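Every value quoted in this text rests on a predicted model; they were computed, and no experiment measured them.
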Amino acid sequence: MSEWIISVVTDWGYVGVFLMMVLENIFPPIPSELIMPFAGFAAANGDLNMIGVVLAGTAGSILGTLAWYYAARLLGLERFRALCNWFGRFATVSEQDIDSAVHWFDRYGRWAVLFGRLIPAIRTLISVPAGLAAMSLPQFLVVSTIGTALWTAILTGAGYVLHDNYDLVEGWLDPVTTGVIILVVVIYVYRFVTWKPIRSIG
C-alpha cells in the first residue's frame, strides 16, 4: 500500500494528496497516517511545499467526511435505524450503536467533532452522528477544519522531520498498516457473525 500512496503523491503532487485524503475518509482502511507523512517527505525533498501539502490534505479530508455527513443528514435518524435493521448485519451496525453515537454527540457536541477528527478511525465515523443530529453545516465545517488541519499538520510535520530516515519509517509503517487492516477485518467478521437485530416489544 505504501508504494501505491508514494506513487500517487509523487506523480500527482497536491492533487494526489487531495484525492488520497478524500479516499481515506470514504474508505478508512487507507490511512492518513501513511499519506500525510509521505507528503511531508516530498516537501522535505523540495518537491512540494509544506503549507500546500497541509492545505491539500485538509481540503481532501473535509470533502471526504462531508459524504458521510450528508448521507446521515439526508437519511435522518429513523430511516438510518430502519436501514440498520435491513442491512445491519453487513454494516455490523445496530440501532443501539446509532443511538449511543447520537447520545454521545448530543452530550459533547462540537467538541466531539473537534477531538474526533484527531483520533484514528473515529475521524470518519464522527461525521455520522453529526449528520444525524443535524449539526449545522457551517459549524460542522469550521470545527472539522480546525481538527483536520491540526491532524494533517502533525502528520506532515512528522514526515518532514523524519525524511532522512525514510527507509526506516517505511519499514515499520507497512507492517503496522497491514496489522491495522487485519484487525479491522477480524473485528468486522466477529461483529457480522454475532450481530442480532433489535426486536420491537409489543
Side-chain angles (χ1 to χ4, degrees), residues 17-18 20-37 54-85 87-158 176-177 180-181 183-188 190-192 194-195 198:
V17 174
F18 173 84
M20 292 300 297
M21 290 300 285
V22 171
L23 287 176
E24 183 263 341
N25 279 267
I26 295 176
F27 188 64
I30 300 176
S32 59
E33 292 86 347
L34 279 177
I35 301 167
M36 297 313 301
V54 173
L55 290 177
T58 301
S61 184
I62 293 299
L63 181 60
T65 199
L66 279 175
W68 288 102
Y69 168 84
Y70 273 117
R73 182 157 186 173
L74 291 174
L75 282 172
L77 184 55
E78 294 307 317
R79 279 184 288 182
F80 211 95
R81 283 185 179 134
L83 281 177
C84 284
N85 280 333
F87 304 107
R89 179 176 294 277
F90 297 98
T92 67
V93 176
S94 69
E95 288 189 21
Q96 288 180 331
D97 293 329
I98 298 301
D99 290 341
S100 296
V102 172
H103 174 74
W104 187 70
F105 176 82
D106 286 341
R107 183 175 180 180
Y108 297 105
R110 70 187 67 177
W111 295 107
V113 176
L114 177 62
F115 290 110
R117 295 297 295 169
L118 296 170
I119 303 174
I122 300 298
R123 299 182 62 252
T124 296
L125 298 178
I126 194 60
S127 304
V128 174
L132 290 176
M135 182 181 191
S136 71
L137 180 59
Q139 186 178 60
F140 176 77
L141 286 175
V142 169
V143 177
S144 294
T145 299
I146 293 173
T148 300
L150 182 58
W151 177 250
T152 55
I154 290 172
L155 293 179
T156 303
V176 168
T177 302
V180 170
I181 293 174
L183 180 62
V184 169
V185 172
V186 170
I187 293 174
Y188 175 83
Y190 172 79
R191 287 177 63 89
F192 179 88
T194 60
W195 184 87
I198 300 296

(message) Just verifying a value: how many Å separate Ile146 CD1 and Leu141 CG, rounded to the nearest 0.5 Å?
(response) 11.0 Å
(request) Write down the atom of Leu118, the atom of Trp151, and the distance for their closest heavy-atom approach. (result) O-CZ3, 3.3 Å
(message) Run the side chain to side chain donor-acceptor pair (under 3.5 Å) test against Arg73 and tell me which residues pass, sequence neighbours left out.
(response) Tyr69
(message) With rounding to the nearest 0.5 angstrom, report the CG to CG distance, Leu150 to Leu155.
(response) 9.5 Å
(message) Does any part of the side chain of Phe140, heavy atoms only, come nearer than 4.5 Å to the side chain of Leu66, both counted from C-beta?
(response) yes
Show me the donor-acceptor pairs, under 3.5 Å and distance only, between side chains in residues 55-62 and residues at least two apart or in other chains.
from  : atom 1 : to     : atom 2 : distance (Å)
Thr58 : OG1    : Val54  : O      : 2.8
Thr58 : OG1    : Thr152 : OG1    : 3.0
Ser61 : OG     : Asn25  : ND2    : 3.0
Ser61 : OG     : Arg117 : NH2    : 2.5
Ser61 : OG     : Arg123 : NH2    : 3.2

(request) Could you tell me whether the side chain of Leu137 reaches within less than 4.5 Å of the side chain of Tyr70, counting heavy atoms only? (result) yes
(request) Could you tell me which non-hydrogen atom of Arg110 sits nearest to which non-hydrogen atom of Val143, and how far apart they are? (result) O-CG1, 3.3 Å
